[in-house]
Amino acid sequence: MPYITVGEENSAGIHVYYEDHGTGQPVVLIHGFPLSGASWEKQLPVLLRAGYRVITYDRRGFGRSSQPTTGYDYDTLATDLNAVMEKLDLQNTILVGFSMGTGEVVRYLGNYGSARVDRAALIAPIPPFLLKTGDNPEGVDQSVFDGIMSAIASDRPAYLTTFLHDFNNVDKLGGTRISDQALQLQWTVAAGASAHATLACVPAWLTDFRDDLPRIDVETLIVQGNEDRILPIDSCGRRLPGLIKNSRLVEIPGGPHNIGWTHAEELNAILMGFLNRTAS
């Protein structure tokens with residue numbers, strides 16, 4: 001299987017698993033918490049049929065990548081993305097992040113610039129700054145994240161069940177836009193992730209990206225469901241057009257957090273319209 005070595009922990013290398021399919025302009029898909037690169041299964045065939053080269057990878061700690069106990073901050077995660085970009089020598093790339101993966105896109109562009117990047121898409125974004133502070137009243141109280149960490153530490157499998165129900169708005173969309181089997185698959189993937197990584201990612205969600213956003217100099221699409229229960233749209237997506245130059249927000253009515261699965265047809269049409277309209 002294809003891996004890129006991104007570091008070491010004691011006697012073991014830290015390896016990131018990736019897949020690289022198709023030809024044409026490269027699109028790098030960066031998955032959300034707590035899934036893996038395989039979660040893009042409803043987008044991958046659409047992109048391949050449209051003539052794009054599609055690269056997915058598993059964040060360290062998740063999927064088939066190594067499960068170290070270090071590196072779950074966004075500077076390191078952006079460095080992992082940079083290792084993928086450099087190893088595959090990607091140019092004129094379209095970066096597409098979902099949820100936690102939008103942090104990698106934003107921090108990568110903030111730290112490494114856009115020399116290898118043509119444009120970007122942020123789906124159910126975590127920026128600009130999720131934590132409520134004196135200068136960020138739109139954020140979420142620290143107590144919410146303390147509760148999440150306590151729930152993960154107490155009973156990670158039970159927490160994942162609760163999280164994935166809110167991830168997909170199962171009470172509204174179960175049996176129509178998401179099946180019991182698809183939900184079980186997500187739980188199985190999430191349960192196979194590193195227990196340490198699952199907990200260690202939570203503080204990373206509170207990263208302040210506000211200094212990165214003015215550095216983004218590529219056209220940026222933002223897409224979020226207006227019924228997102230994981231990342232409140234008023235704290236996240238609706239704030240970004242005023243903070244990123246040359247960006248626009250598209251809201252999906254009735255969309256939960258995981259619009260890539262529950263509203264795949266709608267999201268794919270929006271994404272392909274963005275890519276085809278601005279294709280280089």
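By the 30° and 60° cut-offs, the orientation of the rings of H196 relative to Y72 is tilted.
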Exercise. Can you list the steps and then say if L213 with V106 is a side chain to side chain contact (heavy atoms under 4.5 Å, CB included)?
Worked result: CA-CA 7 Å; L213 300 175; V106 169; 3.7 Å; yes

For this session: Test side chain to side chain contact (heavy atoms under 4.5 Å, CB included) on Y3 and R64 and set out the steps.
Result: CA-CA 9 Å; Y3 290 96; R64 284 175 276 190; 4.3 Å; yes

Exercise. Should I259 and Q224 be marked as a side chain to side chain contact (heavy atoms under 4.5 Å, CB included) after you check the CA-CA gap, both sets of side-chain angles, and the distance that decides it?
Worked result: CA-CA 8 Å; I259 50 177; Q224 189 165 11; 5.6 Å; no

For this session: Given side chain to side chain contact (heavy atoms under 4.5 Å, CB included), test V16 with D58 step by step and report yes or no.
Result: CA-CA 6 Å; V16 167; D58 295 348; 5.8 Å; no

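At least one donor-acceptor pair closer than 3.5 Å links the side chain of T188 to the backbone N or O of Q184. Between the D73 side chain and the T76 main chain, a donor and an acceptor come within less than 3.5 Å of each other. Formation of a donor-acceptor pair under 3.5 Å by the D208 side chain with backbone atoms of R210 is found in this model. Not one N or O on the side chain of R53 forms a donor-acceptor pair closer than 3.5 Å with the backbone of T23. In this structure, the side chain of Q25 engages the main chain of N92 through a donor-acceptor pair within 3.5 Å. Although no hydrogens or angles enter the test, the distance criterion places no donor-acceptor pair under 3.5 Å between the side chain of R60 and the main chain of S66.
Ring pair H257/F163: centre-to-centre distance not below 6.0 Å.
The distance from the CZ atom of R229 to the CG atom of N168 is 10.0 Å, given to the nearest 0.5 Å.
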